[in-house]
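First the structure, in the form of structure tokens, and then the observations on it.
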Amino acid sequence: MEKTTLHYAHPTGLALSITGGVIYVICVLLVFVWPIQFLKFFNNWIHGIDLTKIAIMPQITIGGFFIGLVEVLIAAYLVGVLYGWLYNLCVAHCKKYGWI
């Protein structure tokens, strides 16, 4: 298995963007169907903060859903492109010095 470079930052950004979008949609559905259980689930992830004390039941709207989805898609795409670009730079650097 000789593949050590991503070659393209765009596909990496696109894959991360799609993954982020799918996770966002699943998250919204879970909050809509089981808001209290979802809050308790993520409360275990946050050490030192009791989310149940500060949480307000969400008002999920179609507009808010799509705005959040677009924001997640853009942010994930940019992170993926940055990762792909940096990965390619690191591979080129390591090849230059004969490390790989």
Side-chain angles (χ1 to χ4, degrees):
M1 196 157 57
E2 185 66 28
K3 188 166 180 147
T4 57
T5 182
L6 292 176
H7 297 293
Y8 301 107
H10 172 69
T12 305
L14 191 57
L16 187 59
S17 178
I18 292 169
T19 302
V22 169
I23 291 170
Y24 178 83
V25 170
I26 291 170
C27 182
V28 166
L29 290 173
L30 290 173
V31 167
F32 184 72
V33 175
W34 297 297
I36 294 177
Q37 293 83 352
F38 195 72
L39 178 64
K40 288 179 181 179
F41 174 78
F42 279 105
N43 198 45
N44 293 324
W45 289 27
I46 310 293
H47 306 289
I49 299 174
D50 185 359
L51 296 176
T52 60
K53 303 285 185 202
I54 60 174
I56 299 171
M57 283 298 129
Q59 298 289 332
I60 300 174
T61 64
I62 296 293
F65 168 79
F66 282 111
I67 289 170
L69 179 60
V70 168
E71 291 171 349
V72 165
L73 293 174
I74 291 170
Y77 176 79
L78 293 174
V79 167
V81 168
L82 177 63
Y83 172 81
W85 179 71
L86 290 172
Y87 180 88
N88 289 335
L89 283 179
C90 291
V91 167
H93 173 78
C94 290
K95 281 184 177 182
K96 178 181 172 183
Y97 289 100
W99 298 336
I100 58 172

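Keep in mind the model is a prediction, meaning the values are calculated, not measured.
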Identify, with sequence neighbours excluded, every residue that meets side chain to side chain donor-acceptor pair (under 3.5 Å) alongside [X].
X	value
D50	N43, T52
H10	Y77
T61	none

Please tell me whether [X] and [Y] are part of a single hydrophobic cluster in this structure, the criterion being side-chain heavy atoms less than 4.5 Å apart.
X	Y	answer
F38	I60	yes
Y83	V91	yes
V72	I67	no

List for me each residue that meets side-chain contact (heavy atoms from CB on, under 4.5 Å) alongside I56, sequence neighbours excluded, and say none if there are none. none
Go through the structure and list residues passing side-chain contact (heavy atoms from CB on, under 4.5 Å) with I49, not counting sequence neighbours. I46, L51, I54
Within 6.0 Å of CH2 in W99, more than 12 heavy atoms from elsewhere: yes
Take a 6.0 Å sphere around CG of L89 and say whether it holds more than 12 heavy atoms from other residues, nucleotides or ligands. yes
Just wondering, do L78 and L82 contact through their side chains at under 4.5 Å, heavy atoms? no
Identify every side-chain donor-acceptor pair in residues 17-32 under 3.5 Å, counting partners at least two apart or on other chains, and give the distances.
| from | atom 1 | to | atom 2 | distance (Å) |
| --- | --- | --- | --- | --- |
| S17 | OG | L73 | O | 2.9 |
| T19 | OG1 | A15 | O | 2.8 |
| Y24 | OH | F65 | O | 3.1 |

Please round to the nearest 0.5 Å and tell me the distance separating atom OG1 of T12 and atom OH of Y87. 9.5 Å
